**Student:** 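Okay, here's the structure, questions in a sec.
Here the structure is a predicted model, which means the values were calculated and not measured. All chains are named by letter (A, B, ...) in the order of the sequence lines, taking the proteins before the strands, and each is independently numbered beginning at 1.
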There are 2 protein chains.
Amino acid sequence: MANTPRYKHLYEILRKHIIDGVYKKGDLLPSENELCRVHRITRPTVRHALDSLVRDGFIKKQQGKGSIVSTLPQGIGILSLKGTTTAIGLSNLKTKILAGPEIRAWDQSFMFPLSDIEKESGYVYMERLRILDGKPIFFDINYLPNINLPRFTARSFEDRSLFDILRKHYSIRVVGGEQRLKAIKADEQIGRYLNVRKGSPILHLERKIATNRVDYYFYSSVFCNTDISAIYGTF
Amino acid sequence: MANTPRYKHLYEILRKHIIDGVYKKGDLLPSENELCRVHRITRPTVRHALDSLVRDGFIKKQQGKGSIVSTLPQGIGILSLKGTTTAIGLSNLKTKILAGPEIRAWDQSFMFPLSDIEKESGYVYMERLRILDGKPIFFDINYLPNINLPRFTARSFEDRSLFDILRKHYSIRVVGGEQRLKAIKADEQIGRYLNVRKGSPILHLERKIATNRVDYYFYSSVFCNTDISAIYGTF
DNA sequence: GAGTGGTCTAGACCACGCA
DNA sequence: GCGTGGTCTAGACCACTCT
């Protein structure tokens, strides 16, 4: 806690306050100068924290007026936020492991190009189902290159965030990524998992997720039933 | 041009160089200190520009090494970039106006909540079809609140960016927004426009777009045929 | 050790909103 | 006219990468 950057610390505090309702929609955050005084940091540092809140859609800024708390996102904030379990108001999001974790060799044609090291190492395979209010909402297939992940397949993942486990046990943090989106028809298997008819429209995300480990990426193929909850994002 | 912020100016220069191939994938950008010297600005300003490039997916940074040019996005960068026509490598993207622009009154249940001023003013309605390499790829319906937009319905929009017209004639710039995504089935009309069978899976985006005019938003409902080109974004 | 990006300070001037 | 956020300067120290 002590060695987290000050701007990130302030970000977390304000984010929590907004989510917890200390500041409500339309409220003004304390002014930048006030935040400077209270937290004993300088304005560029405060502004760095506020910029992150703007980027993540929590506040909007207005020159001459202040930082205005925005409407909380409705729907699942998978597009811009880091990890689905951290999405807002989803405390009742359950995770069920359908397959794995187990080590596999890469298939011939993977959805993203792979480096030689990744190809040689194989990957940890894992299928998960995310359930919101009893309704299956995501089905995701994860591919983690098997590079320096000791005892990974032996860990328990039920109802725990994959991102949390990577952070706590392997010091791997997600720092960003890229993704492709398509609307597809549910096949037999997807339909069964997401409890929709075969042929129903499903949102498919193919994600390449970057981490703080240089050149360590992992990959995720996510199928979403957007009938239950739309995907939400800011830009 | 002279009064654009320095960080934005540098962003535009570097962005153009990356798109034009001056810096290729994997290349290192000049170091931050070098950019300071060349452009006669200080490091926080340079870093502000580089942060924007990271956010938009053009570069990745690595401590101790430098700023590395990323792979150029493949697909349509509608998720994070501002306006589809500005997407990369889409010089052959044509726009066809299918309806409007014309002034209408709001429907009872609009996809986003509206302020009283918006409700009273009505909106400029416009349907557009975006065609990539001869294939229809987007169909979008736009709703611009009819507030201080003189002569808007008289302007020509064929093959011109809506964002450009707003900027040049009305000094309205897009500064961000929020969006919801769903996978839906094409109905009769959407199928006809996008040249797919009724019932085909289609990506539907509902967007609320914020501008530099305080409290001026406009709205867009976009239908994408993702069979032709996936939607691409960074996070 | 030299160079890189990551974080932070302590100021400054400006444009904008509001009373 | 005052306080707000927007931009910018001129430094500083640190962690990291490469050689």
**Student:** Are any of Thr45(A)'s side-chain N or O atoms less than 4.0 Å away from OP1 or OP2 of dT7(C)?
**Tutor:** no
**Student:** In terms of side-chain geometry, is the basic nitrogen of Arg207(A) or Glu178(A) positioned less than 4.0 Å from the acidic oxygen of its partner?
**Tutor:** no
**Student:** Reading DNA chain C from 5' onward, which residue's closest nucleotide shows up sooner: Lys61(B) or Thr42(A)?
**Tutor:** Lys61(B)
**Student:** Are Ser67(B) and dG5(C) close enough that a side-chain N or O sits under 4.0 Å from OP1 or OP2?
**Tutor:** yes
**Student:** Measure NE2/His48(B) against P/dG6(D) and give the value in whole Å, please.
**Tutor:** 10 Å
**Student:** Measure up the Trp106(B) and Tyr123(B) rings against each other and bin them: parallel (under 30°), tilted (30 to 60°), perpendicular (over 60°).
**Tutor:**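 Taking Tyr123(B) first and then Trp106(B), their aromatic rings sit tilted (interplane angle of 30° to 60°).
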**Student:** Can you measure Leu50(B) atom CG to dG6(C) atom P for me and round it to whole angstrom units?
**Tutor:**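 From Leu50(B) CG to dG6(C) P: 9 Å.
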**Student:** For His17(A), check side chain to side chain contact (heavy atoms under 4.5 Å, CB included) against everything at least two apart and list the hits.
**Tutor:**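 So His17(A) forms a side chain to side chain contact (heavy atoms under 4.5 Å, CB included) with Ile13(A), Val22(A), Tyr23(A).
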**Student:** Can you tell me the distance, in whole Å, between the CD atom of Glu32(A) and the P atom of dG6(D)?
**Tutor:**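 Rounded to whole Å, this separation is 6 Å.
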**Student:** To the nearest angstrom, how far is Leu53(A) atom CG from dG5(D) atom P?
**Tutor:** 13 Å
**Student:** Using whole Å, what does the distance between atom C1' of nucleotide dG6(D) and atom CG of Asn212(B) come to?
**Tutor:** 14 Å
**Student:** State, with a plain yes or no, whether a side-chain heavy atom of Tyr143(A) is found less than 4.5 Å away from one of Ser220(A).
**Tutor:**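 Not in contact.
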**Student:** What is the distance from CD of Glu34(B) to P of dA2(C), rounded to the nearest Å?
**Tutor:**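 It is 19 Å, rounded to the nearest whole Å.
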**Student:** Could you write nucleotides 11-19 of chain D as a row of B, S and -, 5' to 3', where a protein heavy atom under 4.0 Å of any base atom gives B, of only sugar-phosphate atoms gives S, and otherwise -?
**Tutor:** -B--BBBS-
**Student:** Can a donor-acceptor pair be found, under 3.5 Å and without considering hydrogens, that links the side chain of Thr211(B) to the backbone of Tyr216(B)?
**Tutor:**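 Such a contact is found between Thr211(B) side chain and Tyr216(B) backbone.
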**Student:** Using a distance-only test with no angle check, is there a side-chain donor-acceptor pair under 3.5 angstrom linking Thr45(A) and Arg6(A)?
**Tutor:** no
**Student:** To the nearest Å, how far apart are Arg47(B) CZ and dT7(C) C1'?
**Tutor:**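 Checked: the CZ to C1' distance equals 8 Å.
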**Student:** Kindly say if Tyr7(A) contacts the phosphate of dT7(C), meaning a side-chain N or O under 4.0 Å from OP1 or OP2.
**Tutor:**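 Checking dT7(C) against Tyr7(A), a side-chain N or O does come within under 4.0 Å of OP1 or OP2.
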**Student:** Between P on dT7(D) and CG on Leu10(B), what's the gap in Å once rounded to a whole number?
**Tutor:** 14 Å
**Student:** Ser31(A) side chain: which of dC8(D), dG5(C), dG5(D) is closest?
**Tutor:** dG5(D)
**Student:** Let me check something: any side-chain donor-acceptor pairs from residues 112-119 of chain A under 3.5 Å, sequence neighbours excluded? List them with distances.
**Tutor:**
unit_1    : atom_1 : unit_2    : atom_2 : d
Ser115(A) : OG     : Glu118(A) : N      : 3.3
Glu118(A) : OE1    : Ser115(A) : N      : 3.0
Glu118(A) : OE1    : Tyr219(A) : OH     : 3.3
Glu118(A) : OE2    : Tyr219(A) : OH     : 3.0

